[in-house]
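Structure first, commentary second.
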Amino acid sequence: MRSLLFVPADAEKKLAKAMECGADAVIVDLEDSISADRKDSARAAAAEFVAAVSEWPTRPRILVRVNGLETGLTDLDLDAVIPARPDAVMLPKAEGGQAVIHLDAKLAVREAVAGLSDGHVTVYAIATETAASLFVAGSYRASSRRLAGLTWGAEDLAVELGAEQNRDADGRFLDAFRLARALCLAAAASARVQAIDTVAVDFRDEAKLRRECEEARRDGFTGKMAIHPDQVPVINTVFTPTAEAVEKARAIVEAFAAQPGAGVVGLGGVMFDRPHLARAQALLARMKEIEEAV
């Protein structure tokens with residue numbers, strides 16, 4: 001998934017617009033965008049929406065961001081939405097693989113009750129929203145076969161750290177938050193799941209968004225979360241491999257296929273080794289997924 005768009009669970013018109021904006025995934029939010037006195041009604045709205053769109057023949061993937069495990073609200077969220085058959089649950093304020101194992105057990109019970117196959121609902125975890133989470137980022141590996149992606153957050157982490165701000169005057173993250181970003185990227189690579197970059201809160205600044213997307217793609221992220229539909233086209237464009245990159249990747253794969261035992265191949269005056277082959281194969285696989293989803 002390239003673009004994952006957050007929408008409050010009780011915002012009916014925004015949800016309808018989100019389904020048509022080109023986002024690869026819509027995150028129906030029960031957490032930060034929903035006040036305490038609206039949680040119950042938001043759960044009902046989320047369940048109704050997810051159930052209504054889950055059988056659409058073509059649609060974005062549907063994720064539901066539940067409330068974190070420490071809130072005591074997660075069970076109520078899952079009870080409401082799992083019978084509606086979401087594709088995935090996003091777990092905020094996750095603190096390592098143990099949190100995913102805990103959520104996995106909750107999902108397994110509810111899938112069985114709802115008549116869903118075991119593992120129908122996958123998990124995306126926000127891996128860096130608390131100080132404690134930074135110290136357990138490496139524990140996601142082999143935590144659950146449901147785990148499909150890791151992302152990171154800077155706003156809640158800023159509150160926990162007591163930071164006055166998380167970006168500099170140019171909009172780039174400060175050191176503590178760059179550390180959180182790097183840990184998320186490494187954790188995702190270790191767990192062999194998708195690394196998804198955090199949101200750009202200044203949704204009207206397209207130039208900064210594009211720069212942030214390009215830097216994230218450069219470093220290894222393959223998608224980015226969004227808070228406004230206008231961000232989706234830029235995110236999709238940047239995280240879609242260019243025709244030139246696809247052509248180069250195919251050439252590398254073909255060169256190694258022509259010399260099965262080779263550790264290094266020459267192409268256009270440049271030498272490519274096995275890590276380049278793995279990178280080319282990954283890019284082609286990602287392009288295939290994008291083409292199949294569109």
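Being a predicted model, the structure only gives us computed values, none of them experimental.
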| message | Here's a test for you: under side-chain contact (heavy atoms from CB on, under 4.5 Å), which of Asp118, Val100, Leu103 qualifies with Arg146? | response |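 That would be Asp118; it is the only one of Asp118, Val100, Leu103 passing the side-chain contact (heavy atoms from CB on, under 4.5 Å) with Arg146.
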| remark: From the list Val199, Asp202, Leu5, Asp29, side-chain contact (heavy atoms from CB on, under 4.5 Å) with Ile227 holds only for Val199
Transitively linked via ILVMFWY side-chain contacts under 4.5 Å: [X] with [Y]?
X: Leu76; Y: Val66; result: no
X: Met90; Y: Val232; result: no
X: Tyr124; Y: Tyr140; result: no
X: Leu284; Y: Val265; result: yes
X: Leu91; Y: Ile82; result: yes

With a 4.5 Å heavy-atom cut-off, do [X] and [Y] have their side chains touching?
X: Asp24; Y: Pro60; answer: no
X: Val81; Y: Arg43; answer: no
X: Phe6; Y: Val26; answer: no
X: Thr198; Y: Ile126; answer: no
X: Val123; Y: Ser144; answer: no
X: Thr151; Y: Asp197; answer: no
X: Lys39; Y: Leu30; answer: no
X: Leu107; Y: His120; answer: no

How long is the gap from [atom1] on [X] to [atom2] on [Y], to the nearest 0.5 Å?
X: Asp205; Y: Arg210; atom1: CG; atom2: CZ; answer: 12.0 Å
X: Leu147; Y: Asp104; atom1: CG; atom2: CG; answer: 10.0 Å
X: Leu209; Y: Asp230; atom1: CG; atom2: CG; answer: 10.5 Å
X: Leu150; Y: Thr128; atom1: CG; atom2: OG1; answer: 9.5 Å
X: Lys248; Y: Thr242; atom1: NZ; atom2: OG1; answer: 10.0 Å
X: Cys213; Y: Phe239; atom1: SG; atom2: CZ; answer: 5.0 Å

Indicate yes or no for a side-chain donor-acceptor contact from [X] to the backbone of [Y] under 3.5 Å, with no hydrogens or angles considered.
X: Ser133; Y: Ala127; value: yes
X: Glu129; Y: Gly153; value: no
X: Arg61; Y: Pro86; value: no
X: Ser139; Y: Gly97; value: yes
X: Arg2; Y: Thr240; value: no
X: Thr122; Y: Ala88; value: no
X: Glu206; Y: Val234; value: no
X: Thr237; Y: Pro233; value: yes

Side chain to side chain contact (heavy atoms under 4.5 Å, CB included) partners of [X], counting only residues at least two apart:
X: Ala112; answer: none
X: Ala195; answer: Leu185, Ala188, Phe221
X: Glu155; answer: Asn166, Val201

Taking every non-hydrogen atom, the tightest pair across [X] and [Y]:
X: Ala180; Y: Trp152; result: CB-CE3, 4.1 Å
X: Met287; Y: Val246; result: CG-CG2, 4.0 Å
X: Ser3; Y: Asn236; result: OG-OD1, 2.7 Å
X: Pro260; Y: Arg274; result: O-NH2, 3.1 Å

Say whether [X] and [Y], considering side chains only, have a donor N or O and an acceptor N or O under 3.5 Å apart.
X: Gln194; Y: Thr222; answer: yes
X: Glu111; Y: Ser117; answer: no
X: Asn67; Y: Lys93; answer: no

| request: Step by step, work out the side-chain contact (heavy atoms from CB on, under 4.5 Å) result for Glu212 and Lys224. | output: CA-CA 10 Å; Glu212 200 163 299; Lys224 187 173 181 65; 2.9 Å; yes
| request: Might you work through the side-chain contact (heavy atoms from CB on, under 4.5 Å) test for Val89 and Leu78, ending with a clear yes or no? | output: CA-CA 9 Å; Val89 164; Leu78 297 176; 4.1 Å; yes
| task | Just grab all the salt bridge (charged side-chain N to carboxylate O under 4.0 Å, His left out) pairs involving residues 176-196, residues at least two apart or on different chains. | result | Arg181-Asp219
Distance-only donor-acceptor pairs under 3.5 Å for side chains of residues 10-20, two or more places apart:
from: Asp10; atom 1: OD1; to: Arg38; atom 2: NH2; distance (Å): 3.1
from: Asp10; atom 1: OD2; to: Arg38; atom 2: NE; distance (Å): 3.0
from: Asp10; atom 1: OD2; to: Arg38; atom 2: NH2; distance (Å): 2.6

| Residues clustered with Met271, ILVMFWY side-chain links under 4.5 angstrom |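 Its cluster mates, by chain and number, are Val264.
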| task | Carefully, step by step, assess Val7 and Ile27 under the rule side-chain contact (heavy atoms from CB on, under 4.5 Å). | result | CA-CA 6 Å; Val7 186; Ile27 306 171; over 6 Å; no
| Arg59 atom CZ, neighbour heavy-atom count above 12 within 6.0 Å | yes
| task | Answer yes or no: is there an ion pair linking Arg172 with Glu215, defined by an N-O contact shorter than 4.0 Å? | result |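 A salt bridge is present here (some side-chain N lies under 4.0 Å from a carboxylate O).
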| field | Sidechain N-carboxylate O distance under 4.0 Å for Asp75, Arg110 | value | yes
| task | Identify whether NZ of Lys or CZ of Arg in Arg167 sits under 6.0 Å from the centre of the six-membered ring of Phe173 and within 45° of that ring's axis. | result |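 That pair qualifies as a cation-pi contact.
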| task | Could you walk me through whether Val50 and Val64 pass side-chain contact (heavy atoms from CB on, under 4.5 Å), step by step? | result | CA-CA 9 Å; Val50 174; Val64 178; 4.1 Å; yes
